[in-house]
Amino acid sequence: MALVVICGQPCSGKSTASLFIAEALKESDIKQTVRIIDESSFHLDRNQSYANMVAEKNLRGVLRSEVDRSVSKDNVIIVDSLNSIKGYRYELWCLARAAGIRYCVLYCDVEETHCRKWNEERREKGEAAYDAEIFEDLVRRFEKPDRRNRWDSPLFELWPHKDGIEKSSAAVLDAVSYLTKKVDSKTQDVKILQPTIATQSTRFSEANSLYELDRATQEVINAIVEAQSQALGGPLNGVPLGQGLPTINISRSVGLPELRRLRRTFIKLTGQTSLSGRPPPSDADSAKRMFVDYLNRELGTT
């Protein structure tokens with residue numbers, strides 16, 4: 001259903017925010033399960049995990065793999081970690097897109113001095129805390145999320161050092177509302193990521209996949225030919241293929257030979273992508289969606 005990425009400096013209240021979001025989601029009307037993935041899930045020590053670049057890379061790999069295995073339309077996954085590198089947040093966004101689910105980032109915006117103070121207080125209490133050298137290194141390398149980036153959007157911001165963190169905090173409520181809001185044809189403020197050829201993750205048998213791809217693309221071609229015959233050579237705008245599928249928008253008349261050439265090229269590209277490790281379309285609707293997107297791009301439509 002959704003992937004929530006918690007982002008922030010070390011000791012900025014991320015784990016507390018994760019717990020409040022999880023509790024609020026469980027109290028809502030959603031039927032999907034809610035799960036938090038963090039370092040403690042794997043009994044990893046934070047200082048050992050960030051001791052050097054190799055250890056940190058291994059940590060990100062472990063978390064990413066677990067997210068990859070866990071994301072689906074049947075649950076809400078909350079990634080409670082630093083998530084401080086924008087390239088890593090992009091990788092998580094790609095996993096959400098491949099699963100065809102909602103995605104958002106919750107950023108705990110806390111000044112470094114407050115984070116440093118909270119880290120020292122934890123150490124004095126005997127709680128889990130970062131070593132001073134590791135803390136300073138993580139603060140220095142932190143890459144603040146930017147809502148202009150698609151992998152940082154939508155972005156919900158918390159200011160724990162100013163307002164504290166509560167289940168009733170505005171950012172928590174806004175995030176929960178975004179994650180639980182029902183989507184229909186009139187909904188514009190909630191985005192469900194759509195998988196592409198490069199992010200399809202469902203594996204299919206080669207023979208069955210080829211059959212579905214061949215049949216689906218031919219049905220699209222037939223629909224275009226029929227629509228063009230009715231349009232008498234004019235542009236095609238909004239030719240429907242079925243519920244949940246994109247429409248065909250072609251600004252000029254396209255002959256059958258050109259359509260067949262584009263179809264062969266699309267099938268060839270899809271096959272090459274499959275050989276490089278990416279799976280082909282898993283069903284007829286997925287193949288139609290990809291082929292229509294390909295045609296709309298190739299024919300210069302809006």
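Not one N or O on the side chain of N83 forms a donor-acceptor pair closer than 3.5 Å with the backbone of C7. For D109 (side chain) and E157 (main-chain N/O), no donor-acceptor pair under 3.5 Å exists by modelled atom type. At distances below 3.5 Å, not a single donor-acceptor pair connects side-chain atoms of D285 with backbone N or O atoms of A216. For N149 (side chain) and W151 (main-chain N/O), no donor-acceptor pair under 3.5 Å exists by modelled atom type. Side-chain N or O atoms of Y88 include one that pairs as donor or acceptor with a backbone N or O of R60 at under 3.5 Å. Within the 3.5 Å criterion, the main-chain N or O of E133 finds no donor-acceptor partner in the side chain of D131. Under a 3.5 Å cut-off, the side chain of R97 and the backbone N or O of L193 do not form any donor-acceptor pair. Between the side chain of S169 and the backbone N or O of A171 there is no donor-acceptor pair closer than 3.5 Å.
Between N75 atom CG and R35 atom CZ the span is 8.5 Å, to the nearest 0.5 Å. For the atom pair CG (L59) and OH (Y50), the distance works out to 4.5 Å, reported to the nearest 0.5 Å. Taking CG of L82 as the reference point, atom CG of L138 lies at 5.5 Å (rounded to 0.5 Å). Atoms CD1 and CD1, on I37 and I6 in that order, are 12.0 Å from each other to the nearest 0.5 Å. Atoms CD and CD1, from E56 and I85 in turn, are 5.0 Å apart once rounded to the nearest 0.5 Å. With values rounded to the nearest 0.5 angstrom, D174 atom CG is found 6.0 Å from F156 atom CZ.
In R260, the CZ atom is not crowded: 12 or fewer heavy atoms of neighbouring residues, nucleotides or ligands sit closer than 6.0 Å. In E127, the CD atom is crowded: over 12 heavy atoms of neighbouring residues, nucleotides or ligands sit closer than 6.0 Å.
When all heavy atoms are compared, the tightest approach of K181 to V190 is CD-CG2, 3.8 Å. Across A287 and L213, no two heavy atoms sit closer than the pair CB-CD1, 4.0 Å. In plain terms, the two heavy atoms of R102 and L179 that are nearest each other are NH1-O, 3.3 Å. Heavy-atom minimum distance, L245 versus K288: CD1-CD, 4.0 Å. The minimum heavy-atom distance between F142 and Q9, with the atom names listed, is CB-OE1, 3.5 Å. Minimum heavy-atom separation, P160 to S12: CG-O, 3.4 Å.
Using a 4.0 Å cut-off between charged nitrogen and carboxylate oxygen, E66 and R69 count as a salt-bridge pair. Ion pairing of E136 with R140 is absent here, as no side-chain N (NZ or NE/NH1/NH2) approaches a carboxylate O to less than 4.0 Å. Using a 4.0 Å cut-off between charged side-chain N and carboxylate O, E219 and R215 make a salt bridge.
Hydrophobic clustering places I78 together with L106 (ILVMFWY residues linked when any side-chain heavy atoms are closer than 4.5 Å, directly or through intermediates). When hydrophobic clusters are built by joining Ile, Leu, Val, Met, Phe, Trp and Tyr residues whose side-chain heavy atoms come closer than 4.5 Å, directly or via intermediates, L25 is grouped together with I165. Taking hydrophobic clusters as Ile, Leu, Val, Met, Phe, Trp and Tyr residues chained together by side-chain heavy-atom distances below 4.5 Å, V71 shares a cluster with Y103. Note: the hydrophobic cluster containing V76 does not contain L173 (ILVMFWY, side chain heavy atoms under 4.5 Å, direct or indirect links). No continuous path of ILVMFWY side-chain contacts below 4.5 Å connects F42 to I36, so the two sit in separate hydrophobic clusters.
In this structure, C108 and L158 have side chains that are in contact, with non-hydrogen atoms separated by less than 4.5 Å. Contact check for D293 versus P246: side-chain heavy atoms found under the 4.5 Å cut-off. Residues V105 and W93 form no side-chain contact, since every pair of their non-hydrogen atoms from C-beta on lies 4.5 Å or further apart. Using a 4.5 Å cut-off on side-chain heavy atoms (C-beta onward), I221 and L256 make contact.
Under the side-chain hydrogen bond (donor to acceptor under 3.5 Å, both in side chains) rule, D152 has a single partner from K86, R89, K144, R147, which is R89.
F135 and Y130 have tilted rings, their planes meeting at an angle from 30° to 60° on a 0 to 90° scale. Relative ring orientation between H114 and W118 is described as tilted, the plane-to-plane angle lying within the 30° to 60° band.
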Go through the steps to decide whether V79 and V67 satisfy the test side-chain contact (heavy atoms from CB on, under 4.5 Å), and finish with yes or no. CA-CA 8 Å; V79 187; V67 172; 3.7 Å; yes
With side-chain contact (heavy atoms from CB on, under 4.5 Å) as the criterion, how do V292 and V220 come out once you've worked through the C-alpha distance, each side chain's angles and the decisive distance to 0.1 Å? CA-CA 8 Å; V292 170; V220 173; 4.1 Å; yes
Let's go through F266 and L295 carefully: what are the C-alpha distance in whole Å and the side-chain angles of both, what is the deciding distance for side-chain contact (heavy atoms from CB on, under 4.5 Å) to 0.1 Å, and is it a yes or a no? CA-CA 9 Å; F266 172 78; L295 290 177; over 6 Å; no
Check the pair V62, N58 against side-chain contact (heavy atoms from CB on, under 4.5 Å), reporting the backbone distance first and the verdict last. CA-CA 6 Å; V62 169; N58 290 337; 5.5 Å; no
If you apply the rule salt bridge (charged side-chain N to carboxylate O under 4.0 Å, His left out), what do you find for R123 with E120, and how did you get there? CA-CA 5 Å; R123 181 181 293 107; E120 291 299 327; 2.9 Å; yes
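Pairs of residues two or more places apart, or lying in two chains, that qualify as salt bridge (Lys or Arg N to Asp or Glu O under 4.0 Å) and include a residue from residues 1-25 are E23-K167.
For the residue pair E226 / N222, no side-chain donor-acceptor distance below 3.5 Å is found, with atom types taken as modelled. Between the side chains of S15 and D80, at least one donor N or O sits under 3.5 Å from an acceptor N or O. Looking at S65 and D68, their side chains never bring a donor and an acceptor atom within 3.5 Å of each other.
Checked against salt bridge (Lys or Arg N to Asp or Glu O under 4.0 Å), R263 has the following partners two or more places apart in sequence or in another chain: D214.
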